[in-house]
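Numbers restart at 1 for each chain; the letters A, B, ... are given by sequence-line order, proteins then strands. This is a predicted model, so every value here is computed, not measured.
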Amino acid sequence: MTTIAHPTSLLDGLNEDQQKAVVTTEGPVLVVAGPGSGKTRVLTHRIAFLIQERGIRPESILAVTFTNKAAREMKDRIARLIGDGAADGLVMGTFHALGVRFLRQNPGVVADRLNLLPNFLIYDTADQLELAKRSVVAIGLDPKQLAPRRVLSRISAAKSLLVGPDEFGREVETYDDEVIARVYREYERALRSANAVDFDDLLALPIRLFDEAPAVLERYQDRFQYLMVDEYQDTNRVQYVLVSALAMKHRNLFVVGDPDQSIYAWRQADIRNILDFEKDYLDATRIHLELNYRSTGRIVDAADRVIRENTQRIDRRLRTPNEEGVPLIVRELADGQHEAQFVVNEIRRAVKTHGRSADDFAVMYRTTAQSRVLEEAFRTSDIAYRIVGGVRFYERKEVKDVLAVLRLLHNPADNLSLERVIDNFPLGRGIGPKALDAIRDWSSQHRRFLIDGFLALVPGPHADEPAPALSGQARAAASKLGTVLATLREQVGSLALAELFDAIVERTGYQATFDHDSEEEMQRWANLLELRADLERYDLVEPAEALATYLEQVALIADVDSLPDGSAGQVTLITLHSAKGLEFPIVFITGVEEGLLPISRAVEAEFSDPLPLEEERRLFYVGITRAQKVLYLTYAANRMSYGRYQSGVASRFLAAIPQENVRASTRSANRSQNGAGSPRLQDRARGTLGSRLTWESEPPSREAAPPPRAAVEHVPGQRVFHAKFGEGVIAEVNARHGDPELAVDFARHGRKRLLASLANLDVVE
DNA sequence: GAATGCATGGTTTTT
DNA sequence: CCATGCATTC
C-alpha cells in the first residue's frame, strides 16, 4: 500500500501506540487509555483513517460517545481532518440517542411488538418519579412508607440488567422486593398507557426489538461494519448487550476506556465489561496509552499517587513528558463561604496579573448542593461564570409547564402532562379531583384517552356523542379547557413552534399569571422567553416534524451538552462527574473533605464494602486529571449542611499526595497574609461582648471558628467580603471610637452598617 | 378550590 | 437550608 511508503498525514503527530490504535482497524481492539493520553485524538483519527485510507463508507461506521457534546466535537474534528461532508452519514452519538434511533427507524415492529406508537415521548427523571409515586398509590400503598425514589432506583437498576417486571417478580427474596415488583409492574403499565418510555427503556427496548425481529438486528449488523465505543468502563449490562449484538457479525469492535476513571457503578456501570473484554474476544488486540500530554509532571504525579491507593485496579504508572510545573495548592478555609471567596479571589488575581481568561478556570465539587455557595460568591463578583447542571433549565417549573402542553399536543396519551396542565394553568381552575375522576371513568369506559373526555365536552358538531358525567361549574371549566386544547391541536403542524408557544401562553391564560412587579416572576417569564428563543431555532424544520424533533432533543440533552465547545469567557462550575472528559488550564477541586469527597455514604460502608470508597477515589482522580497547569485543592473547617454548620477534616485522599508537590497553607497562614497579624485575644473578647446578630452566620463551634480580627485598615472604596452578605464596597469609614464603624454597600443586600471588629470582613484583592 | 402556614425530610453522582 | 406536602382556613 502506498500509505506505507508515504505515511499519511492522519498519523502525523501521533505516538507509536496511538498510531497502532488508528491503523488496527480489523477485529476487536481494546484501548486502555489513561487521562490526557489522546484517546479522542485516536478515535477521530481512526474514523478519518477508515474513511480516507481504507475507503470505508461513513454510514458503515458507528461511534458511541458519552455525551452529545463529545459527539459534536468529534464530528467537528473529523471534518477538519478530512473535509466538510466527507464524514456525512457517520453515526455518532450517545447510547440513548442510538436507542431512540433504533426505535424510531422501526415504527411498525415497535408498534406491533412493543406497544409503542410513533409519537411516543421520553419521560425524564421528574416524570419518572411522578409516575413511580402514582404507581405506589395505585397499588394501594403510601408513598411515605415506600419512597418512590427508592422504588425508582430499584426499577432502573432492574432495567439496566434487562430484568423485566415478570422476572423481577419471580426472583423476589424479601417482602420489600415483592412490593417493589408490584410497583414495577404498575409503573410499566402506566408508562405504556401514556405511550411513553423512560431513559432505561431507550436501551432496553432496542434489545427487545432485536429479539422480536431478528431481521432488524441483522440489518444493523450488516450496516455497521465498524463500531467504536468511548468510555467503555462506564457501560452497563444493557449497553454491553447492545454493543455485543451489533458487533457480532463483523467483530470490528473498538473500545476505549480507563478502569481508573470508572465512576458510574451506582448507575449499574459494570467495570467487568472492560476488564473482561479479552475474555469475550479472545483474539482482541490490546493497546495501552499511558503517556499523559495534558498535565504538568506534578499534577500527573499526584494523580498517580492517589489512584495507586486503590486495590481494585490494574497496576500501571501514569507518566508525562511535560514539564514539572508549579506545585499543587492545598488550602484549608474557615467555611464554605470563605472557600468560595478564596476561589473567586484567586481567579480574579490570575486574570488581572497573569492575563488569564475566565474560561481557563473550572471549579469542581462533589455534590450539586455545593454549587450554591460558590454561585453566590461569583454572583457578587465581577467574574463571568457558568454552572453546568444544578437546576436544569428544562426542569424549571414554568418551562415544564409549557412543555407539558407541547407534549400533550404531540402525544394525547400523556396523562401526566394533561394533569400537570390542569394543576398549573389558570385554565385548569375549577377542575378538581371529583371532576377528574368522572372524566377518568368516562375515558376508561369508552377506551379513550383522558384528553378525549375534555374534547367531548366541547360544544359543536359532536355534541350528540356521549360525554363525561359532569355538571355545572366543573362541566363549564372542563369544556373550556377542551376548547382551548382542541384549537391548539389544530394549529400543531401549521404554526411554527414559537408561534405555537405564543398561542399556548396566551390562550391558556398562563402569561397573564406573571406579576410584572415581582422580580422573581419576571425571571420566570424571562426563562420562558428563553424557551421561546429555543423554539425559534426550529423554524427551519418542517412544521409537521418540528414538534417531535424538538421534544426528543429536549429529552436527551445532558448538562454538559450545553457547554459551548469553544471559549465563552466564563468560569465553569461543574460536578466532578460531569467534568469527566473535559480539561482546563486551572482547576479548583473544592470540598476535599471527609464526608464529601469521599462522600459520607461511602465512608459509612467502608468496612462492609470498600468498593464505593474506591469509586470516590477514582472520582477525585478524574478531577485531578482535568487540570493542565494549575491545581487547587480546597477544604473547609466548617461546612453548612441542612442549615447547620458541621466541622470537617481534610480528605484522606490528600494524604497520598507527596508533600514536595504541594504548596500548602493553613488557615492561619491565610489570615496573616491578609495583612496585620492577629490580635486575637482582644478581638475575641470584643467578639463575645458583641451582639449575637453579627455572629449568627458564624459557625457555632467557637474552637473551629475563625477568630474575629481587626487591625485591617479599611478605607472607602475598598472591596470586601462578608460571610453572609457576600461582596461589597466600603462606602464610609467612621473611626471616631477606635473601632471603626463601616457602611458597606453589598451587591445583594444593599447598605449595611457594621463594626469592623465584628464584621469579620475579608479584603478582596 | 385556593391561599396560607407548619412540618418534615432530604443531597451523592446522570443519560 | 430548601422544597414539598399536608392541614387549616376562608
Rounded to the Å, how far apart are A/Leu613 CG and B/dT13 P? 18 Å
Using whole Å, what does the distance between atom C1' of nucleotide B/dT15 and atom CG of A/Leu203 come to? 8 Å
Assuming nearest nucleotide by heavy-atom distance, tell me which of A/Pro433 and A/Glu616 is located more 5' along DNA chain B. A/Pro433
Base versus backbone protein contacts along nucleotides 1-10 of chain C [heavy-atom cut-off under 4.0 Å; B, S, -]: BS--SS----
Rounded to the nearest angstrom, tell me the gap between atom CD in A/Gln646 and atom C1' in B/dT11. 13 Å
Ion pair check, A/Arg313 and A/Glu614, cut-off under 4.0 Å: no
Side-chain donor/acceptor of A/Asp401 to backbone N/O of A/Asn424, under 3.5 Å: no
Mind calculating the distance between CH2 (A/Trp266) and C1' (B/dT11) to the nearest angstrom? 13 Å
From the list B/dG1, B/dT11, B/dT12, which nucleotide is the closest neighbour of the side chain of A/Ala369? B/dT11
Distance check, rounded to the nearest 0.5 Å: A/Thr625 atom OG1 versus A/Arg618 atom CZ? 13.0 Å
Under 4.0 Å: is that the gap between some side-chain N or O of A/Arg267 and OP1 or OP2 of B/dT14? no
Integer-rounded Å distance: B/dT15 C1' and A/Lys159 NZ: 14 Å
P atom, C/dT4 versus B/dT13: distance in rounded Å? 16 Å
Below 4.0 angstrom from OP1 or OP2 of B/dT14, is there any side-chain N or O of A/Thr125? no
Is any side-chain nitrogen or oxygen of A/Ser641 closer than 4.0 Å to OP1 or OP2 of B/dT11? no
DNA chain B: A/Arg366 or A/Thr67, which has the more 5' nearest nucleotide? A/Arg366
To the nearest angstrom, the CD1-P distance between A/Ile387 and B/dT14 comes to 13 Å
Using whole Å, what does the distance between atom C1' of nucleotide B/dG1 and atom CZ of A/Phe425 come to? 19 Å
Carboxylate-amine/guanidinium contact A/Asp176 A/Arg150, below 4.0 Å: yes
What's the closest nucleotide to the side chain of A/His577 if the choices are B/dT15, B/dG1, B/dT13? B/dT13
Could you tell me whether A/Lys400 and A/Asp124 have a side-chain N and a carboxylate O separated by less than 4.0 Å? yes
Think A/Ser578 has a side-chain N or O under 4.0 angstrom from the OP1 or OP2 of B/dT14? yes
At less than 4.0 Å, is any side-chain N or O atom of A/Arg149 found next to OP1 or OP2 of B/dG9? Yes or no. no
side-chain contact (heavy atoms from CB on, under 4.5 Å) partner of A/Val197, chosen from A/Leu121, A/Leu202, A/Val110: A/Leu202
Check for a donor-acceptor pair, side chain of A/Arg639 on one end and backbone N or O of A/Gly336 on the other, with a separation under 3.5 Å. no
Just by modelled atom types, is the A/Ile574 backbone N or O under 3.5 Å from a matching donor or acceptor in the A/Tyr365 side chain? yes
To the nearest Å, give me how far apart CG (A/Asp234) and C1' (B/dT13) are. 11 Å
Would you classify A/Tyr264 as touching base, sugar-phosphate or nothing, given that sugar-phosphate means primed atoms plus P, OP1 and OP2, and contacts are heavy atoms under 4.0 Å? sugar-phosphate
